[in-house]
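Just below is one structure, and these are the notes that go with it.
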There are 2 protein chains.
Amino acid sequence: MKKRGGGQGGTTAPGGGQDARRGNAAKMPARPCAARRAGGGTVKITDVAEAAGVAPMTVSRVLNTPDRVSTATLARVRDAIAALGYVPNLIAGGLSSRRSRMVAAVVPTIAHPMFADMIRHFSTLLRAANYQVMLLISGYEEGAEAPLVQSVLTRRPDALLMTGADHAPATRALLQGAGIPVVEIWDVSPRPFDMQVGFDHAEVGAAVAAYFRAQGFQRFLSLPAGDRRARQRGEGFSAAVRAAGLELLEPPAELPAPSTITAGREALRAMLPRLAFPGAARTALFCSSDLLAFGAITEARLAGLGVPAQLAVCGFGDFEISRASAPPFSTVTVDGAAIGRLAAEALLARLGGTDAAEGQGPAIGQGVAMGGPRVKVPFHIIHRGTT
Amino acid sequence: MKKRGGGQGGTTAPGGGQDARRGNAAKMPARPCAARRAGGGTVKITDVAEAAGVAPMTVSRVLNTPDRVSTATLARVRDAIAALGYVPNLIAGGLSSRRSRMVAAVVPTIAHPMFADMIRHFSTLLRAANYQVMLLISGYEEGAEAPLVQSVLTRRPDALLMTGADHAPATRALLQGAGIPVVEIWDVSPRPFDMQVGFDHAEVGAAVAAYFRAQGFQRFLSLPAGDRRARQRGEGFSAAVRAAGLELLEPPAELPAPSTITAGREALRAMLPRLAFPGAARTALFCSSDLLAFGAITEARLAGLGVPAQLAVCGFGDFEISRASAPPFSTVTVDGAAIGRLAAEALLARLGGTDAAEGQGPAIGQGVAMGGPRVKVPFHIIHRGTT
DNA sequence: GTGAAAGCGCTAACAG
DNA sequence: CTGTTAGCGCTTTCAC
């Protein structure tokens, strides 16, 4: 008992052209949500099969492995798909094939340009290989990760991207149990869970300290945001300063995570007494993010502190503001896009490569040999006016 | 199933990379939990049922309607779940129940604070009602929306959030066919597809023009980013100026979307000849985003143009930079969080309310009566130093 | 309060 | 190249 009420037409078939004809288009223009009930549910693969005069399996092949279908059948089936407005049900397909064609990505925030960039590139590469990306925002709270991972595993992602390399035991247990490829980004650790694409945050701090020292600074200050990796960068900086036996100012109370301009301003204001007294030595300031750095610079100039004459500032992240504000300020750049790309490539390699008919396989990035568990992405200090 | 090991990691970072060891990092995973049974595959509901000595259906009830299970059974089943590390398979559950417990949200970008905020609140409310949010980033390109919507409908979301109110016919057809609740945010239109939560962008521009006029400005300039709604705001502004018979400067070539600080700087630099000549009248500038406004202000001051003495600037969005930079600048604020909340509430109402055991039903926001198809969210001009 | 049977819509694994 | 037969793991529906 099949009676098709009002067919929906005119969807764009993947890889196909527009289908001009639309048999019996919707009669009543309005009623946005009524379409489904009347005819007896949504159109499914058997409806298409029937309309095209083939078996359901053939329709499935048209959708998934079109090169295994004769051209004539292909055309007939595609016509039927377009005519009926068939949208495949990946829930059913996923249950059957045990592949969800979905990759979950857990990030602390999407507000930071670096993560936004990374995500964009990660998604683009995966989409090209016919995977959808499900984005999960974990925030910076401890303990928020495990429930989030648990809830997403419920959808049986084919792979997982995690931010950071330290996870609660509960999270590790979940990942373990899931048995899917996992890539950790944005950090590297001696004990990767599976694959990693990132860099050593303490090294960044040490490098900035070295950079300042090379310019003869004797007095240093670190302003790290309240998240783990920001603290690592700050600690790398401070450790290097201490190791050199140079003066390290004590920062004010802990800053928030994620960082803000305002937090940078307030922190600098709190430090002012120790930076601006008569005869004070030049101080070299390392902020764990460009937002903090911009805030610090803003406040310093308002207080009449010369930048970089009395206070040199280096940020982190190479956000647009670091190069587009006046003065542009020095910062550390990490190629977020590359991290996204490399993470996607690592996952795809494990998933068996692209599964769509893409002309271009996943190129191995930047001469780095993927296949190992761990890729370190370089960072660079960008010298601008403030140091 | 899962194989680890083998491989070479580590590229060198400029900061002074060490890292040579890797050894048996992935060895002895410590078996945090007996998640995977020795037998084969992942643990499923029948395994839990068997372990607890009940029928699979009972386990399902424990998970979905625990109040319909006796306390004793509940405890026994929950123990079994924990012991086996069972993670329910929502793909199977979704196929069976025809509910995916997933809501898809299509936004042009996650990089703008306003969208990030809106998304956060939207997700939080939905998660509390036991729905996961799948975020799709459409960008600002025409024609990108339909394929994206098509691909996500494949997963049978229970509802959809769309940004903007104008969609290609292909998109509308898809939404129509899906037969699910749809909420359009961030804009209102005379012909909503289903529900809307937003505001009239042209009205914003008109309000800013009125605000400037009230201060006696006679000369106006609008700098809109290249996306549709930014142009609407600009057009609302320009139309109001023209209607009052006042002078409206011609803006330079079209700006990009999404907007950037750099674009604001460049646009203002291009306008300089018409703003800074001797005896020039004060000009009132409306930027379609705070990033543009910040760039314009930066460039104006660099050029020695007094802000607000010679150039008054009003942005849009109330981004942190508008209040935390020096000087803080005037802008228009829209409560992105409220949009997210209201959108979530509208959808949840249609989905039958929270389905989790939440103590708090969806509160109707801010005295606005939901249930109509259209909610207008207020906006406000925030007066700061630059006007 | 609990269980048994019958699919949900699709695809793997085989035929032909 | 195309079709047939069985499920995928869960929930619906109805008994008990």
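A quick note: this is a predicted structure, and the numbers were derived from the prediction, not measured. In what follows, chains are A, B, ... by sequence order, proteins preceding strands, each numbered from 1.
- For B/Leu90, the side chain to side chain contact (heavy atoms under 4.5 Å, CB included) partners at least two apart in sequence or on another chain are A/Thr154, A/Arg155, B/Arg101.
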Can you pull every protein N or O that's under 3.5 Å from an N or O on nucleotides 1-5 of chain C?
unit_1	atom_1	unit_2	atom_2	d
C/dT2	OP1	B/Ser70	OG	2.9
C/dT2	OP1	B/Thr73	OG1	2.4
C/dT2	OP2	B/Ser70	N	2.9
C/dG3	OP2	B/Ala55	N	3.0
C/dG3	OP2	B/Thr58	OG1	2.4
C/dG3	N7	B/Arg61	NH1	3.4
C/dG3	O6	B/Arg61	NH2	2.6

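- In this structure B/Ser96 satisfies the side chain to side chain contact (heavy atoms under 4.5 Å, CB included) test with no other residue, sequence neighbours excluded.
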Do B/Val149 and B/His167 pass the side chain to side chain contact (heavy atoms under 4.5 Å, CB included) test, and can you show the C-alpha distance, the side-chain angles, and the key distance before you say yes or no? CA-CA 11 Å; B/Val149 168; B/His167 309 290; over 6 Å; no
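- Looking at every heavy atom in both residues, A/Ile119 comes nearest to B/Ile110 through CD1-CD1, 4.3 Å.
- Heavy atoms only, all atoms of each residue included: A/Ile180 and A/Asp194 are closest at O-OD2, 4.2 Å.
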When you look at A/Arg68 and A/Thr65, which way does the side chain to side chain contact (heavy atoms under 4.5 Å, CB included) test go after all the steps? CA-CA 6 Å; A/Arg68 290 185 188 175; A/Thr65 50; 4.1 Å; yes
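- The nearest pair of heavy atoms linking A/Leu153 to A/Ala178 is CD2-CB, 3.7 Å.
- A donor-acceptor pair shorter than 3.5 Å cannot be found between the side chains of A/Arg78 and A/Tyr86.
- Applying the salt bridge (Lys or Arg N to Asp or Glu O under 4.0 Å) test to B/Asp79 and every residue at least two apart in sequence or in another chain returns nothing.
- Side-chain N or O atoms of B/Arg76 include one that pairs as donor or acceptor with a backbone N or O of B/Ala52 at under 3.5 Å.
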N/O-N/O pairs, protein side and nucleotides 7-9 of chain C side, under 3.5 Å:
unit_1	atom_1	unit_2	atom_2	d
C/dG7	N2	B/Ser96	OG	3.0
C/dC8	O3'	B/Arg98	NH2	3.4
C/dC8	O2	B/Ser96	N	3.2
C/dG9	OP1	B/Arg98	NH2	3.2
C/dG9	OP2	A/Lys44	NZ	2.9
C/dG9	N2	A/Ala92	O	3.1

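- Counting 5' to 3', DNA chain D first comes under 4.0 angstrom of a heavy atom of chain A and last does so at the ends given by D/dC1 to D/dG9.
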